[in-house]
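What follows is a short report on a single structure.
Residue indices begin at 1 and follow the sequence shown.
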Amino acid sequence: MRYTVSLHVLVVCCLVGVARAFCPSQCTCVFHGRTDGAGSRSVLCNDPDMSDIPVNVPVDTVKLRVEKTAVRRIPTEAFYYLVDLRYLWITYNSISSVDTGSFYNLKLLHELRMDGNMISLFPWESLKEMPRLRTLDLHNNRLTAVPPEAVPYLVNITYLDLSSNKLSTLPPDLMDIWPPFSKAPVSNSSQKIVLGLQDNPWFCDCKISKVMEISKMADCPVVLMDLFMTCTAPENLAGVLFQRAELENCVKPTIMTSATKITSPLGSNVVLRCDTTGFPTPALSWVRPDGSSVDNTVQESPGEGIRWSIMSLIGILSKDAGNYSCRAKNVAGDAEAAIFVSVAGTLSTTLPPLMPGSGTGPTSLATTFTPATVDISNIPSLTPTVLPVTTTERPKATTTKATTKGFLKPAKIKQGGNGKRLAADEKSSKKDPSKAVKDLEIVEETADSAVLLWTVDGLPGDTPLTVVYSPYGEEDTKQTLETSAGSGKELLEGLFPGMRYSVCLVAKGSVSGKDPCVDFYTLDTGEDSGQFFVIISGIACALILPLIALLIYKILALYCKGQQTPSDEEELEKESYVKFETISMKHRTLNSRPTELWARRPTHDSERMLLCSRSSIDSQMTYKSDSSRSEYLC
């Protein structure tokens with residue numbers, strides 16, 4: 001009996017020694033056993049001289065506390081082997097650096113407390129390594145901001161304490177992940193989200209308007225630890241409680257659409273627009289009927305608090321019908337409006353039956369193209385002219401091997417409710433619309449515009465046509481103009497000078513690749529100025545040539561009538577001189593060189609008197625050479 005008791009005591013001592021051997025020297029390990037033999041282990045490390053996170057913590061530890069030590073950094077994968085860890089408290093140390101991978105492999109962690117440290121940058125993306133985390137305590141640190149990228153990682157958090165930091169604002173989308181702003185039904189009415197935001201220098205503006213709104217709610221799923229939070233800035237709200245602060249500039253978006261319901265023919269283009277107002281200026285987004293977002297939209301904000309957006313549907317099909325939602329959102333709230341788009345008409349393809357013939361003959365291959373038929377029975381109302389429908393799929397070719405001669409019946413167009421065939425249907429079925437356009441040409445080219453002319457044969461005057469033009473070889477910069485067949489003329493504007501352009505006239509229902517096209521060049525800016533110079537020069541010549549002819553006539557008359565009386569000669573010279581001075585753009589000059597054609601002649605008294613009667617301005621404009629005498633000797 002004595003030996004049995006001694007052996008039992010020895011085994012217990014060995015087990016205790018083994019357990020103590022696995023516990024870090026600066027920590028205390030406690031095993032909480034249960035009557036069923038199971039239990040949990042908790043480890044407490046609070047030695048003031050500890051400077052690193054312990055690495056030899058027992059792997060079955062469920063709760064680890066590192067408190068009031070000299071630890072300054074949490075390295076990568078510091079708790080990698082603690083796969084059963086559920087509670088991690090690293091509080092009131094000197095930690096200022098936390099690596100992104102510090103909490104790797106903590107899949108069961110439920111509670112993380114790091115309050116009382118010197119953390120200024122927290123690795124929010126590391127929270128994705130802890131999918132079961134519900135409590136995050138970071139109060140009494142040095143956090144200056146919560147980045148917008150952190151919002152998705154906080155969705156499952158039910159206790160978030162950011163108090164006693166240096167936060168002045170929050171991401172606008174942070175409050176949208178929790179009720180009542182998430183618009184998601186609360187599964188458990190007793191479940192509350194607790195937020196600790198007090199003791200921060202808050203800048204009260206629209207970005208935290210939702211937090212201020214929660215502080216004023218009587219019953220809300222989100223509970224603030226301290227309802228008496230105050231504003232630090234701006235100056236007019238400094239020291240004012242959240243519950244009493246009023247933000248006049250925060251305006252929730254209001255949205256308005258161009259229409260609530262649009263019915264469009266099959267294959268047409270549809271443009272949807274919505275406008276929104278609010279402050280700050282809301283952001284607009286479009287959502288298709290299947291829930292996918294629309295990327296190819298045009299948006300513009302003409303002023304503060306105003307924005308509009310346009311989206312387009314090219315060649316609308318039946319599958320494009322449904323509700324298109326336009327959503328506006330800012331930090332003060334959001335709004336949504338829908339436009340229902342319906343498609344008039346359906347598109348179906350029918351195959352004609354094969355009619356075998358009689359007799360025998362050589363084997364041959366017969367290829368038949370079956371055109372698509374249009375079912376217009378679902379269209380509510382029909383206009384006198386039926387627009388041709390453009391299909392997105394080409395008719396399939398059916399190849400049959402026949403041993404006898406036969407024929408294929410062409411596909412028929414389904415008739416409307418009255419059972420009558422329309423004239424426009426017959427014409428469109430007989431003739432390709434692209435072949436009806438003739439004499440396509442460009443006239444009156446300028447540096448930035450051109451005039452397109454055409455004629456049509458066999459198409460109604462109100463048949464819609466599309467003018468497609470772009471710089472030659474640049475297919476991605478096409479511009480379009482909508483017109484009708486009967487207009488016969490269209491002005492192309494917004495062109496660039498000195499460039500080659502291609503322009504095509506597209507009719508709905510025409511065969512792809514067979515539309516009539518024409519190329520042309522716009523005038524260069526230098527050509528315009530050259531034409532202007534030619535016009536001005538022509539006008540000047542038309543005015544000057546008759547005057548030159550008159551002058552030559554007078555000179556010849558003087559030469560031929562040299563035998564007249566002196567008095568007549570003086571009068572003639574006076575008259576000739578007056579006429580010459582009147583029409584000449586430049587005064588005559590005296591030439592001192594006798595070898596040149598024009599020689600100096602004596603000045604008569606009549607001319608001297610005439611010259612003396614000129615004004616001072618004319619005298620200043622008269623040219624004098626060094627060897628010429630003055631003409632103003634009166």
Within the side chain of [X], is there an N or O that forms a donor-acceptor pair under 3.5 Å with the backbone of [Y]?
| X | Y | result |
| --- | --- | --- |
| Ser120 | Arg142 | no |
| Asn105 | Tyr80 | yes |
| Thr276 | Thr254 | yes |
| Asp49 | Gln26 | no |
| Asn269 | Gly315 | yes |
| Ser301 | Ile306 | yes |
| Asp161 | Ser163 | yes |

Distance only, no hydrogens: is a donor on one side chain within 3.5 Å (strictly under) of an acceptor on the other, for [X] and [Y]?
| X | Y | value |
| --- | --- | --- |
| Ser470 | Gln479 | no |
| Asn93 | Thr69 | yes |
| Ser502 | Asp519 | yes |

Side chains of [X] and [Y]: does their closest heavy-atom pair fall under 4.5 Å?
| X | Y | answer |
| --- | --- | --- |
| Asn46 | Tyr92 | no |
| Val98 | Asn117 | no |
| Val331 | Pro280 | yes |
| Glu149 | Trp124 | no |
| Pro131 | Asn156 | no |
| Val83 | Lys107 | no |
| Leu154 | Leu127 | yes |
| Ser168 | Thr232 | no |

Given Arg86 and Asp84, is the salt bridge (charged side-chain N to carboxylate O under 4.0 Å, His left out) satisfied, shown in steps? CA-CA 6 Å; Arg86 288 173 173 80; Asp84 294 331; 5.1 Å; no
Give me the atom names and distance for the closest heavy-atom approach of [X] to [Y].
| X | Y | result |
| --- | --- | --- |
| Lys192 | Cys220 | NZ-O, 3.5 Å |
| Leu284 | Ile255 | CD2-CD1, 4.3 Å |
| Gly333 | Lys210 | N-CE, 4.4 Å |
| Asn141 | Asp115 | ND2-CA, 3.9 Å |
| Val62 | Ser40 | CG2-CB, 3.8 Å |

Would you sort out whether Phe228 and Leu241 count as a side chain to side chain contact (heavy atoms under 4.5 Å, CB included), showing the intermediate values? CA-CA 6 Å; Phe228 299 100; Leu241 293 174; 4.2 Å; yes
Sequence neighbours left out, what passes salt bridge (Lys or Arg N to Asp or Glu O under 4.0 Å) with Arg132? Give chain and number order. none
Could you list the residues that satisfy salt bridge (Lys or Arg N to Asp or Glu O under 4.0 Å) with Glu235, not counting sequence neighbours? none
In terms of ring plane angle, is the pair Tyr469 and Tyr501 parallel, tilted or perpendicular, where the classes change at 30° and 60°? tilted
Here's a test for you: under side chain to side chain contact (heavy atoms under 4.5 Å, CB included), which of Thr135, Ile90, Leu138 qualifies with Arg113? Thr135
Determine whether Ile53 and Val71 satisfy the following criterion, side chain to side chain contact (heavy atoms under 4.5 Å, CB included), listing intermediate values before the conclusion. CA-CA 7 Å; Ile53 297 293; Val71 176; 3.9 Å; yes
Go through it in stages, so that I can follow the logic: the residues are Leu133 and Ile157, the test is side chain to side chain contact (heavy atoms under 4.5 Å, CB included), and I'd like the CA-CA distance, side-chain angles, deciding distance and then a yes or no. CA-CA 7 Å; Leu133 188 66; Ile157 301 297; 4.1 Å; yes
With sequence neighbours left out, write down each residue that passes ring pair (Phe, Tyr, Trp, His ring centres under 6.0 Å) with Tyr81, or none if nothing qualifies. none
